[in-house]
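Notes follow the structure.
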Amino acid sequence: METTTTRANPLIDPQLHIWHGEVALYLFLGGLAAGIMIITGAMRLRDRNAAWSSHLALLSWCAPLLLSLGMFFLWLDLENPFNALRFYATFSWHSPMSWGAWILLLVFPVSILFAWTQTRRSASGRLARFDAWAREREAPLAAWNVAGGVALGLYTGILLASLAARPLWNSALLGPLFLVSGASTGAAFLLLFRLRDDERLALGRLDLFLVAIEIVVVGLWLASLASGGRESRAAVALFLGGPYTVSFWTLVFAVGLATPLAAEWLERRHGVVPGRVAPVLVLIGGLALRWILVSAGQSTGWAIDVALH
Amino acid sequence: MSRRSRYVMVIDARTCVGCSGCVIACRTENNVAPGHSRDWIFTETAGSFPKLRMTIRSERCNHCKNAACVRACPTGASWYGPGGSVQVNADKCTGCKACIAGCPYDARFVDPRTGTVDKCTFCMHRIDRGMPTTACQDTCPTQSIHFGDLNDAASEVSKLLATREWYTLRPEAGTQPMVYYLK
Amino acid sequence: MNRRDFIRIGATSAAGVAFLGGLPTKWYGLDADVLADPGTGGDRVVPTFCELCFWKCGVLAHVRDGRVTKITGNPKHPLSRGRICPRGAGGTGLLYDPDRLQKPLVRVGQRGQQTFEEVSWETALDEVAERFERIRQRHGASALALFYHGYGGNWMKHLFKAYGSPNIAAPSYAQCRGPRDVGFELTFGHPVGSPENTDMAHSRCLVLLGYHLGENMHNTQVQDFAAAIRSGADLIVVDPRFSVAASKARTWLPIKPGTDLALLLAWMNVIISEGRHDRDYVERYTYGFEQLREHVQSFTPEWAYARTGIEPHVIRDTARRMAAARPATLVHPGRHVTWYGNDTQRTRAIAMLNALLGSWGRRGGFYMPASMEIPKYTSPGYLPPERKAADRPQASDYPLGDNVLAQGLCDASITGLRDYDLKGWMVYGSNLPTTLPDPRKTYKAIQELDFLVSVDVLPSEICGWSDVVLPEATYLERCDELHAPGFREPFVAVRQEVVPPLYDSKPGWWIARELGTRLGLTAFFPWKDSMEYAKDRLHAAGHACDVLQRDGVIQGEQQPIYFEEGVAPEFWTDSGRIELYSNELAQHGFDPMPTWHDDELEEPPAGYYRLLFGRAPTHTFGRTTNNRLLSEVYKENEVWVNPSVARRWGLANGERVHLQNQDGVRSEFSAPVRVTSRIRPDAVFLVHGYGRNAMKLRFAYGRGIDTTGLITRYKVDPIMGGTGMNVNFVTFVKAALVSGEAAS
Ligand SMILES: Nc1nc2c(c(=O)[nH]1)N[C@H]1C(S)=C(S)[C@@H](COP(=O)(O)OP(=O)(O)OC[C@H]3O[C@@H](n4cnc5c(=O)[nH]c(N)nc54)[C@H](O)[C@@H]3O)O[C@H]1N2
Ligand SMILES: Nc1nc2c(c(=O)[nH]1)N[C@H]1C(S)=C(S)[C@@H](COP(=O)(O)OP(=O)(O)OC[C@H]3O[C@@H](n4cnc5c(=O)[nH]c(N)nc54)[C@H](O)[C@@H]3O)O[C@H]1N2
Ligand code: SF4
Ligand code: SF4
Ligand code: SF4
Ligand code: SF4
Ligand code: SF4
Ligand SMILES: [Mo]
């Protein structure tokens, strides 16, 4: 079959090039923030009275901070940034991007309030009244923090998954994948800082668990694409011999998943307090996953094999 | 009698010669950004010498009834306009490009002059003003392009779809395209 | 820094401003959605006719704030019927081409170096007049030649006739449709003309030989073609290439190039031997049927199969279908028919086949054109020139060539090839180096000239070789001669100024008149401007000019156009009948009936492929290849190569190659390969008009391959002097192997 088209729209043909690193960074930072929210919220829920190391408490502030940074990247990606507030002029229930915009808006106060409750300070005056108000609600805030994190983490995947026109993204597993990946990068991020040994051990265990799950989800995702229709098979072929094979299997799989899994498993077996190598690799893998997916997904579509005229 | 219109386009692939008259006419009518096009010509040749078959089509946004672009748009900038046509309101467009990623037909693009999304409008600025034709239809030397109201049984498009064999592009994408091609 | 970067930097530094910037734009989701108007409707709409090719469709130019925003079809104009082709719609790409000629130029360097100095019109015109006068005094006015193409050329023709030169030629004759018109005149006593008097819209069976409608975009013809498809006409297309037209056909005959005459003879054989011709028509109107019956007896489908590669049963089947639909069967005469040097005979065979089918003068065949009578402008009569045209080696050569041969004038400028030498040229709207075959000869002729002036709108190759270049205003900026051709319905159309000329360009009529004044021919230019001239002619015909200016066209009364409607069958041949046998040809020593000569067709040498060429719908030769608007759709030609050939040469789709012909001439530039089953394995195909080497065409320069450069051989039609150009063979040279050029 010979096909030709006269269409040669910049950023569209011969394949989409509409989203670049900014979007990958946004998805990565969003997932990371989600992970931190889930983990810190869950840790607080598990033990209401645990005394956190001062670093861990401070790190809960990273969720809103990293999220802001992510949103900044998203804003950079907008072709018409002057209309950015339009996101909040409406709610389009059918648009994950709109859900995302509003989730971000809700997640911010929750994560800030939660972080407030986790950090010690002496407040006075009006601030003291607020402080007391917030502290009374520490438990529900922690729960909201987890819920917000889950929503945010899932959303980063669903945003892509909802775009049915891109077979690589169009999978129900992308939401869970981004959620797990976000959580594991969250744990890894926390492990970069100076925490108490018991905290490190707990986070290391958690990360090992999350990475293991992520490997399973990645496998399921690829398998479901490979058993899908013509377009899905063409999409997954990008990683199975196609142009993204090397980057995906080295950066995402070997660096981001297999090596940290092995390292964390060994640390655990030998009872060693987790170091920083595995977490760094997990973060690299998490970023690579999003970068590669954003890029590769844009080369998949319904119109394949069209020669440019 | 009040009746809602359903605007559709019926393109006769049997007579279309792929001349691109519609492409150039659209460019000038709609002041489309240089280097970009809202419509384009697609050809498909099957078989091998000398047993060949070729299909030639003028393609554009399908003004889908279940438009993936409208669903993806977070700001309502992509909307269902007159007769169910799919329109973009540049005033609301952030250039987030979710609609572009969502369109199975790659029918949209960013107008680099404004940073907002552009695509075929079914020449609604003409239709709205009571003109009967789109610019591409107006110029087409082979009269292969027909625009009209599918809810009007007497319209040319209704008659064509009732009497000729037709297909839509990639119906499996589930967007319910409203541009029909006659075999 | 691209726009994205710019926005990013700008936006980053103004983040706060941006957020506030959103505020004033009614952003609370309550604002109604509006339909944007692109604002291209004209505040003035001026009817005129197109010049992107030579078909002259009526168009409406929309002007907004002094700028032409868009061009659409004029519904009142019979040639466009409100619809136009892509080129016509892309006229603004010419009007606003940044590379347009802006001021008169006088050469400063060597010829061909493309170095000029801008001068005033006074200086330029004085120079031209002085050089013309010098040539006239020394060699006579006949030492001057005019090459022209395009409607504005009429003014220059007038100028040259008044001056007394017989050497006036257009490439639309010997490089284009000359053989066809001679072939039809020999048979029916009428040429086919332009617009062709074909009644395609009503044909029930339509046969195209080469004539690649859909790529060849002559508007009305394409419209009629579509009408025929729509009404279910039986379409038969003969072409070595699976053309767009072929893709619409019930039967495609992928003929071996150059063998159409054999096929035509076989078709006549089938139709006559099976008694399927229109007996009554043949009896009433034709001359020499018995001779023809004899003549075609041996040209059986089996005989033709060996030449054409078309299977006998297909030849029989198609012939029967043609006969079944007669007289509404049209075997189209084609237009660009200067292919193999036997072109008059081939097109005559087409005419004869039509005669057998009784289609001339019949609905669905050929209608009899009607035209509006518009008296000529009364100016002094031209004196007969002192000498005959210098276009042929012997005055007796090409005895039936009734126009001056453009390539002949070119030859006559090379010392000693003709009775007398041409010393000066004016070239109006014809890019000779890419138009006449064998450009090496064209350049040699130019080098021998005393003086060359070109009138053009763009800095084409011919301008680069001129001594003086005069910038004409484009068709949207000028008025021209009235247009009142023979057509289905009589009409007269006007070209008028839509916007004033840009830069220092001037309309052709003004240039001709100014030169005329300087050459002492004032009496021939008594009018103030072309509008006054047009008005005078119109008034003499009893029409109002303001109506014409308002509508762009005035239609005459519909007249009968078919024999069955009462048009008298008149054939302006010697016998007064349709001549199947031509005594005139016999007298001149030619075959009185078309005959196939096996030795006439050369086979490609091993490893070479026949070079074929044609049109892309968005372009007209080289005249639009610099048009940036039209180039958005098609910006470079491609070398069509059959997959088996590509495999043999290891050519990948998109890989750049040069072509080299049988004489070792290699294309200056390269073009990408298009591997496609749509072309026979013994030929390659290119769209004509690319490979431009005029440096000032900043867009077109260096894109693709020039077909003309590879046409170093051509076969002259002995009957009328047309240049058969499909007789060259090429092979591939990968661009990656050509030094100095990177593979890209
Ligand atoms: N190799 C090869 N040679 C061919 C052909 C082919 O297919 N292949 N085709 C043949 C045929 S069919 C024909 S009809 C001829 C055509 O031959 P030409 O008419 O010579 O064709 P172009 O190359 O388009 O040259 C047109 C020139 O006119 C200029 N021009 C455009 N508009 C105007 C205007 O309004 N005023 C003036 N003054 N100049 C203008 C353009 O800039 C350009 O320089 O070529 C013949 N020669
Ligand atoms: N878009 C566009 N339209 C144009 C023009 C243009 O420049 N651009 N130019 C106009 C002009 S001036 C002219 S004269 C006409 C020319 O247009 P046509 O008269 O249609 O020209 P052809 O030379 O018949 O067309 C070339 C076709 O002939 C086929 N061919 C080549 N060799 C042979 C052969 O041996 N036998 C057969 N049967 N077919 C063969 C080629 O494959 C190609 O498909 O087009 C007019 N229309
Ligand atoms: S203008 Fe008409 S014939 Fe030409 S490509 Fe468009 S639809 Fe087809
Ligand atoms: S074709 Fe694409 S842009 Fe057009 S309505 Fe359908 S989904 Fe939207
Ligand atoms: S780019 Fe504009 S139209 Fe498209 S989804 Fe974003 S806001 Fe909506
Ligand atoms: S309907 Fe209008 S906007 Fe759409 S392709 Fe045709 S001319 Fe362009
Ligand atoms: S056929 Fe096209 S280019 Fe030629 S005159 Fe008509 S509109 Fe113009
Ligand atoms: Mo021509």
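So you know, we letter chains A, B, ... as the sequences are listed, proteins then strands, and number each from 1.
With chain A as the partner, the residue from B/P74, B/A68, B/G35 showing the most heavy-atom pairs under 4.5 Å is B/P74. Chosen from B/A46, B/C99, B/C73, the residue pairing most often with chain A at heavy-atom distances under 4.5 Å is B/C73. Among the candidates B/T75, B/T94, B/D39, B/V117, the residue making the largest number of heavy-atom pairs closer than 4.5 Å to chain A is B/T94. Put simply, of B/G102, B/A101, B/S37, B/A98, the one with the most heavy-atom pairs under 4.5 Å next to chain A is B/A101. When each of A/S162, A/P10, A/G297 is scored by its heavy-atom pairs under 4.5 Å with chain B, the top score falls to A/P10.
In this structure, B/R57 satisfies the cation-pi test against B/Y181, with its NZ or CZ atom closer than 6.0 Å to the six-membered ring centre and inside 45 degrees of the ring normal. With B/F42 as the aromatic partner, A/R7 does not meet the cation-pi criteria of under 6.0 angstrom to the ring centre and within 45 degrees of the ring axis.
In this structure, chain A has heavy atoms under 4.5 Å from both the backbone and the side chain of B/C96. Contact of B/A72 with chain A is made through backbone and side chain together, with heavy-atom distances under 4.5 Å. Looking at B/R53, neither its backbone nor its side chain comes within 4.5 Å of chain A, counting heavy atoms on both sides. Within the 4.5 angstrom heavy-atom criterion, atoms from both the backbone and the side chain of B/E172 approach chain A. When heavy atoms are compared at a cutoff of 4.5 Å, B/A77 does not approach chain A at all.
Aromatic ring pairs are classed by plane angle as parallel below 30°, tilted from 30° to 60° and perpendicular above 60°; the pair A/F91 and A/W102 is perpendicular.
Looking at B/N62 and B/T168, their side chains never come closer than 4.5 Å, going by heavy atoms from C-beta outward. When side chains are defined from C-beta on, B/I56 does not count as touching B/E44, because their heavy atoms never get closer than 4.5 Å.
Look at A/R166 and B/D106 and you find a salt bridge, because one of the NZ, NE, NH1 or NH2 atoms lies within 4.0 Å of a carboxylate O, short of that distance.
In A/W144, the CH2 atom is not crowded: 12 or fewer heavy atoms of neighbouring residues, nucleotides or ligands sit closer than 6.0 Å.
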